[in-house]
*Asks:* 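Sharing a structure, written as structure tokens. Questions coming.
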Protein chains: 2
Amino acid sequence: MKTLRADALRSRERIVRAAEAAFRRHGVDASLEAIAKDAGVGSATLHRHFRSRRELVEAVFQDSTGAVAAEASRLAAEHPPGPALFHWLQAVLDHTLANRGLATTLVPAADEHHGGFCGHDALEAAVAPLLVAAKGAGQVRADVTVGEVLSLVNAISLLADHDPGADPERLLGLAITGFGPRQCEQH
Amino acid sequence: MKTLRADALRSRERIVRAAEAAFRRHGVDASLEAIAKDAGVGSATLHRHFRSRRELVEAVFQDSTGAVAAEASRLAAEHPPGPALFHWLQAVLDHTLANRGLATTLVPAADEHHGGFCGHDALEAAVAPLLVAAKGAGQVRADVTVGEVLSLVNAISLLADHDPGADPERLLGLAITGFGPRQCEQH
DNA sequence: CGTCTAAATGGGGGGTGCCCCCGTTTGTCG
DNA sequence: CGACAAACGGGGGCACCCCCCATTTAGACG
């Protein structure tokens with residue numbers, strides 16, 4: 001990214017802050033125009049900085065998502081491989097549950113990579129070492145990929161967004177241990 | 001439901017047919033105004049018959065969802081308990097995958113029951129006997145509920161709606177068998 | 001410190017969709 | 001056949017998104 005002009009940087013910062021507040025209050029579907037007004041900028045400015053709602057959401061949650069990703073190495077140090085992975089997946093789930101609507105942006109971007117921060121990629125990179133360690137310890141089936149594990153967590157987050165009655169942590173537990181018969185091809 | 005006037009019934013029918021076509025072409029987010037125009041009715045008429053988009057979606061998919069629900073008893077007759085359940089869950093998944101966006105309406109209605117057909121309830125009723133049979137055969141953990149099983153399928157459907165790159169059938173397989181360690185408290 | 005240029009801005013218009021009001025039409029039943 | 005309630009639909013109000021383009025301003029350079 002080439003250097004932004006000082007005023008542009010300031011605008012961007014105010015937009016992100018306003019968006020953060022609006023998302024907290026109204027969810028990620030908050031009106032972009034209202035966010036622009038709160039930030040004291042014109043709506044055109046908002047659209048110039050963030051070409052899509054998704055880009056804005058990702059900017060707002062970049063820090064917290066990064067923190068969750070960083071949590072992975074801490075857990076790896078403090079727990080054996082299996083529990084480290086499962087606790088981290090819980091942490092990812094908690095993170096999305098705490099921010100209704102966030103889940104939709106942690107799904108791989110359908111369109112393209114705009115070069116900026118991508119929450120999904122950050123989480124994928126973070127989980128990779130946990131997963132190989134857990135596989136090494138025989139705690140996870142060898143044929144499961146990083147993407148699949150994250151997809152299951154995302155799926156549950158999406159459901160929780162739509163159905164307040166669901167118990168996401170319970171569902172994650174079910175998905176991890178399975179509710180049907182274990183295939184007997186285990187090592 | 002009290003008897004509708006003849007013209008009202010005709011309007012309703014035309015709206016549902018137009019909506020069916022529009023949903024197929026543009027997804028369930030198709031413009032309601034366009035649907036009304038296609039149906040040859042005013043938008044007010046559409047809104048009088050279907051107070052929300054969700055109601056319309058449910059009316060459009062009532063038949064196909066009912067068919068999937070009916071499939072349950074056929075599978076129960078032709079397969080042993082475990083496979084019957086798992087094949088049916090696959091069928092539910094296929095049904096939602098075939099109609100992008102349908103998944104959001106198969107989630108329990110957040111607001112209320114308007115007395116009409118509710119796809120989620122129909123599926124829940126259909127899966128119940130399959131689940132008890134599978135539990136009886138020791139093919140499914142005893143502590144799993146009907147709602148939880150359907151929630152997992154719905155979760156995967158929702159994810160597939162957002163992420164075309166995901167492999168929903170694979171994820172369902174993972175959720176059924178689990179990717180982590182089996183809890184050893186099995187009977 | 002003045003000048004100049006490209007970057008940045010924002011007001012506002014165009015387009016779309018949702019929802020509902022209310023005057024008009026049309027079934028239906030006595 | 002007449003009357004009344006049910007159903008209709010055009011169109012207005014509102015909110016949103018997105019972008020055009022005239023205007024302002026940062027900051028590099030002499």
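Source: prediction; values computed, not measured.
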*Asks:* Which part of the nucleic acid does B:Arg48 contact within heavy-atom distance under 4.0 Å: base, sugar-phosphate only, or nothing?
*Replies:* base

*Asks:* Any side-chain N or O of B:His47 under 4.0 Å from OP1/OP2 of C:dC19?
*Replies:* yes

*Asks:* Return yes if the base of D:dG11 and the side-chain atoms of B:Ser43 contain a donor-acceptor N/O pair under 3.5 Å, otherwise no.
*Replies:* yes

*Asks:* Using the closest heavy atom to pick a nucleotide of DNA chain C for each, name whichever of A:His49 or A:Glu33 lands nearer the 5' end.
*Replies:*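 Whichever sits nearer the 5' end wins; that is A:His49.
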
*Asks:* Look at the side chain of A:Arg53 and the backbone N and O of A:Ala30, then say whether any donor-acceptor pair between them is shorter than 3.5 Å.
*Replies:* yes

*Asks:* Examine the side chains of A:Ser11 and A:Arg48 and answer whether a donor and an acceptor come within less than 3.5 Å of each other.
*Replies:*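 Not at all, the side chains of A:Ser11 and A:Arg48 share no donor-acceptor pair under 3.5 Å.
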
*Asks:* Would one find more than 12 heavy atoms of other residues, nucleotides or ligands at under 6.0 Å from atom CZ of A:Arg14?
*Replies:* no

*Asks:* Using whole Å, what does the distance between atom C1' of nucleotide D:dC17 and atom CZ of A:Arg51 come to?
*Replies:*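 Checked: the CZ to C1' distance equals 16 Å.
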
*Asks:* A:Thr45 near the nucleic acid: base, sugar-phosphate alone, or nothing, with a heavy-atom cut-off under 4.0 Å?
*Replies:* base

*Asks:* Rounding to a whole Å, what distance do you find between A:Leu46:CG and C:dA8:C1'?
*Replies:* 14 Å

*Asks:* Can you check the A:Leu32 CG to D:dC19 C1' distance for me, whole Å?
*Replies:* 14 Å

*Asks:* Measure the acute angle between the ring planes of B:His79 and B:His87, then classify it against the limits of 30° and 60° as parallel, tilted or perpendicular.
*Replies:*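 Rings of B:His79 and B:His87: tilted, as their planes differ by 30° to 60°.
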
*Asks:* Examine distances only and state if a side-chain atom of B:Asp167 and a backbone atom of B:Arg170 form a donor-acceptor pair shorter than 3.5 Å.
*Replies:* yes

*Asks:* Taking A:Arg141 for the side chain and B:Phe179 for the main chain, is one N or O donor matched with an acceptor at less than 3.5 Å?
*Replies:* no

*Asks:* Please give, in whole Å, the distance from D:dG10 C1' to B:Lys37 NZ?
*Replies:* 12 Å

*Asks:* Check the distance between D:dG9's C1' and B:Ile35's CD1 and give it to me in whole angstrom.
*Replies:* 17 Å

*Asks:* Measure from the side chain of A:Leu4, starting at C-beta and using heavy atoms only, and say which of C:dA8, C:dC18, D:dC8 lies closest.
*Replies:* C:dA8

*Asks:* With respect to the side chain of A:Arg53, which nucleotide from D:dG9, D:dC17, C:dG12 is positioned closest?
*Replies:* D:dC17

*Asks:* Using a strict heavy-atom distance below 4.0 Å, which residues from residues 5-13 of chain A are in contact with DNA chain D?
*Replies:*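 When residues 5-13 of chain A is checked for heavy atoms under 4.0 Å from DNA chain D, the hits, listed by number, are A:Arg5, A:Ala6, A:Asp7.
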
*Asks:* Between P on D:dC19 and CZ on A:Phe50, what's the gap in Å once rounded to a whole number?
*Replies:* 16 Å

*Asks:* Testing the basics here: between B:Leu102 and B:Asp161, what is the closest heavy-atom pair and its distance to 0.1 Å?
*Replies:* N-OD2, 4.4 Å

